[in-house]
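Report on the structure given below.
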Amino acid sequence: MKKQYIAGNWKMNLTLDEARDIARKLCDGIADAETVDIGVFPPFVYLKDVCDILSDSKVFVGAQNMNMEQHGAFTGEVSGGMLKDIGCTHVIIGHSERRTIYKETDSEINSKLKAALLNDLQPILCVGESQDERDADKTREVVEKQLSGGLLDLKPEQVEGLTIAYEPVWAIGTGKTATPEQANEVHAFIRNTLRSKYGDDTAQSIRIQYGGSVNAGNAKELLGQPEIDGALVGGASLDPNSFLDIVSKAASFS
Ligand code: 13P
């Protein structure tokens, strides 16, 4: 069985004190870090503090976004090298909020993914359809396009061990989670798409997280699906008890 991977995307939330407090609680509360991979993704300005608190723990720390360039005149941006420099090991790329609000394209996401790998950061590539796209029966088409655009020109050895997060946009922050069967069906489609591009071994090495209104109440059913290898948790990751509860649900499937 694959090791489950539970990641908390804190988005643009929390004060510095709150962020440090959650990090300390995770540090104390994580008993399942042997069997589950756990990561937190704080806002940029809290990353160094959270990295320092979690440096002796097994909890990964990553950023929610990064720039595709290494350095230069890009006001307001943060590079992969800078993230690496302060102790980050992971990064979220292509979150739907960046795709929809900041109009990130598949081509930019592809460049960011390559820059993450170049800087030895482990990316989570997010994909997922909107409500309108699902209603129009376009889920597979949309996800396939995001996958092929996001992974363009990556070699099988670069894709090996990657993490993909399937986050249906209509389930994010809405309390309206995909049913375990709906999620599993799209995960199986993603796996098959990866298999046809890179072969079975590589496809099996890729963990596919589900994201969208995951909480302690629904995590067990979702994580129990054969194609779901973890969760990318938003709102519920802001409460360390809920997050730890989700981690312990994952531990029973790792
Ligand atoms: P919620 O868990 O708040 O729905 O957010 C999901 C998400 O976008 C994680 O990246």
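Just so it is clear, the values below take in all heavy atoms, side chains as well, and ignore hydrogens, waters and symmetry mates. In this chain, numbering begins with 1 at the start of the sequence shown. Counting starts at 1 for both ligands and their atoms, following the listed order.
Using a 4.0 angstrom heavy-atom cutoff, Ala171 counts as in contact with ligand 1.
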Run the side-chain hydrogen bond (donor to acceptor under 3.5 Å, both in side chains) test on Tyr198 and Glu157 for me, step by step, so that the C-alpha distance in whole Å, both residues' side-chain angles and the decisive distance to 0.1 Å come before the verdict. CA-CA 9 Å; Tyr198 305 106; Glu157 60 268 29; over 6 Å; no
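Listed by chain and number, the hydrophobic cluster partners of Phe41 are Tyr5, Phe60, Ile92, Ile124, Leu232, where partners are ILVMFWY side chains within reach of under 4.5 Å, directly or through others.
Within ligand 1, counting atoms from 1 as listed, the ones closer than 4.0 Å to a heavy atom of Leu232 are 9 (C), 10 (O). Taking every heavy atom of Gly235 and a limit of under 4.0 angstrom, the matching atoms of ligand 1 come to 1 (P), 2 (O), 3 (O). Residue contact check: Ser213 has heavy atoms under 4.0 Å from atoms 1 (P), 2 (O), 4 (O) of ligand 1. For ligand 1, the atoms lying closer than 4.0 Å to a non-hydrogen atom of Gly212 are 4 (O), 6 (C).
When side chains are defined from C-beta on, Leu83 counts as touching Phe44, because their heavy atoms get closer than 4.5 Å. Side-chain contact between Gln64 and Glu97: absent, with no pair of heavy atoms (C-beta onward) separated by less than 4.5 Å. Between Gln70 and Leu118 the shortest side-chain heavy-atom distance falls below 4.5 Å. Between Asn65 and Lys112, the closest side-chain pair of non-hydrogen atoms falls below 4.5 Å.
Considering only non-hydrogen protein atoms, atom 4 (O) of ligand 1 sits nearest to Gly173 N, 2.6 Å. Ranking protein heavy atoms by distance to atom 2 (O) of ligand 1, first place goes to Gly234 N, 2.9 Å.
No part of Cys126 comes within 4.0 Å of ligand 1, judged by heavy-atom distances. The part of Asn9 lying near ligand 1 is the side chain, judged by heavy-atom distances below 4.0 Å.
In this structure, of Gln64, Lys11, Glu167, the residue bringing a heavy atom nearest to atom 10 (O) of ligand 1 is Glu167.
Every side-chain contact (heavy atoms from CB on, under 4.5 Å) that Lys114 has, sequence neighbours left out, goes to Asn110, Asp153, Leu154.
Checking only distances, Gly211 never comes within under 3.5 Å of ligand 1, N or O to N or O.
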